[in-house]
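Just so you know, these numbers come straight off a predicted model, no measurement behind them. Convention: sequence-line order gives letters A, B, ...; per-chain numbering from 1.
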Number of protein chains: 2
Amino acid sequence: MSAKDIDTCDLQCIHEETVNKVRKALLSEETIEDLQNLYKVLGDATRLSIMNALSIAEMCVCDVAAALGMSQSAVSHQLRVLKSARLVKYRREGKQVYYSLDDDHISKLFAVGLEHVRHR
Amino acid sequence: MSAKDIDTCDLQCIHEETVNKVRKALLSEETIEDLQNLYKVLGDATRLSIMNALSIAEMCVCDVAAALGMSQSAVSHQLRVLKSARLVKYRREGKQVYYSLDDDHISKLFAVGLEHVRHR
DNA sequence: TATACATATGAACGATTGTTCATATGTTCA
DNA sequence: TGAACATATGAACAATCGTTCATATGTATA
């Protein structure tokens, strides 16, 4: 039974004070979920490559596909995901739609990750 | 045929200069893959919750399980993932193993994400 | 308005991932 | 050394995700 496990654990191993302190200070489930969604979007090589490209220049969908050697469809699908996570923005000009990183804040997200990865 | 598509695209829509410029400036595939792995690890509510908890206090596996209402097994599995991404470190003390965030740099990763999520 | 083209979207398939359950490892203390 | 306990790990199943293929939408131009 899980009740038994928890009890056993409560009695034998847990630092109750720490656990209570931590419990009170935890972020809300909603915030954690938002963070999860953000990082999940960033956790894909295709999307990171797209963001990498857009951090260099504003580009239309076709440009991105050509630069990365991907299909138009795949790029479009992923741009949609990036857009709904507010990581990229777009502007329409005639038939083309030009995408770019949403703001400088996004580059920072990218940069902090890079720092970690390169730090050994 | 994909060759036809690419040609059509090349002739009709691509800004060749931009594409070439971007191609040259792209991060290496290896770097992108490292970034992907990092963010993928962060892109899970359980692991974020664990990191959230550890950012408040160093804790043993049992404490974490109790604080988050999770099974010991699930916590252990995820701590392993966090460990291999160098996001947490541990020290053994008797039967218990105490985990904490690997360094202050990790809190920054967390914080930058939070900023984005909270910014509207 | 009809055609061409850039982009978006829906369905479906294969691959990846997180949990659970069962059990193994490793440490302490009698 | 043997029992108790904290932690780790392996296998397997369900759920989630990214791609492809086919097609729809929307814009410009003849």
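When rounded to the nearest whole Å, the span between CZ of A/Arg92 and P of D/dG26 equals 9 Å. Residue A/Met59 contributes atom CE, which lies 11 Å from atom P of C/dT7 at whole-angstrom precision. Atom OH of A/Tyr39 and atom P of D/dC17 are 18 Å apart (whole Å). In this structure, CD1 of A/Ile50 is placed 14 Å from C1' of C/dA8, rounded to the nearest angstrom. For the pair A/Tyr90 OH and D/dG26 C1', the interatomic distance rounds to 13 Å; values are reported in whole Å. As rounded to whole Å, 12 Å separates atom P of C/dC29 from atom CD of B/Glu93. As rounded to whole Å, 13 Å separates atom P of D/dA8 from atom OH of B/Tyr98. A/Asp44 has its CG atom 13 Å from the C1' atom of D/dT16, to the nearest Å.
Along DNA chain D, the nucleotide nearest to A/Met70 and the one nearest to B/Arg80 differ in position, and the one closer to the 5' end is contacted by B/Arg80. Where A/Gly43 and A/Ser73 meet DNA chain D, the nucleotide closest to each residue was compared, and A/Gly43 sits on the side nearer the 5' end. Between B/Val81 and B/Gln72, it is B/Val81 whose nearest contact on DNA chain C lies nearer the 5' terminus.
Between D/dG18 and A/Arg47, a contact under 4.0 Å exists linking OP1 or OP2 to a side-chain N or O. Contact annotation: B/Lys40 side-chain N/O to C/dT17 OP1/OP2 distance is under 4.0 Å.
Heavy atoms from other residues, nucleotides or ligands lying under 6.0 Å from NZ of B/Lys21 number 12 at most.
With values rounded to the nearest 0.5 angstrom, B/Gln36 atom CD is found 9.0 Å from B/Ile32 atom CD1. The OH atom of B/Tyr90 sits 13.5 Å away from atom CG of B/Leu82, with the distance rounded to the nearest 0.5 Å.
Side-chain atoms of B/Thr46 and base atoms of C/dT19 include no donor and acceptor less than 3.5 Å apart.
Within the 4.0 angstrom heavy-atom criterion, only backbone atoms of the sugar-phosphate kind lie near B/Tyr99; the bases stay farther away.
Cluster membership for A/Val22 and B/Tyr98, using ILVMFWY side-chain heavy atoms within less than 4.5 angstrom, is not shared.
Among the nucleotides C/dC21, C/dT27, C/dG18, the one closest to any side-chain atom of B/Gln78 is C/dG18. With D/dC21, C/dC21, D/dA8 as the candidates, the nucleotide lying closest to the side chain of B/Ser76 is D/dA8. Of the candidate nucleotides D/dT27, D/dG18, D/dA8, D/dT27 has the atom lying nearest to any side-chain atom of A/Lys95.
In this structure, B/His77 packs face-to-face on the six-membered ring of D/dT9, meeting both the 5.5 Å centre cutoff and the 30° plane limit.
Of the possible polar contacts, none joining the B/Arg118 side chain to the A/Thr31 backbone as a donor-acceptor pair under 3.5 Å is found.
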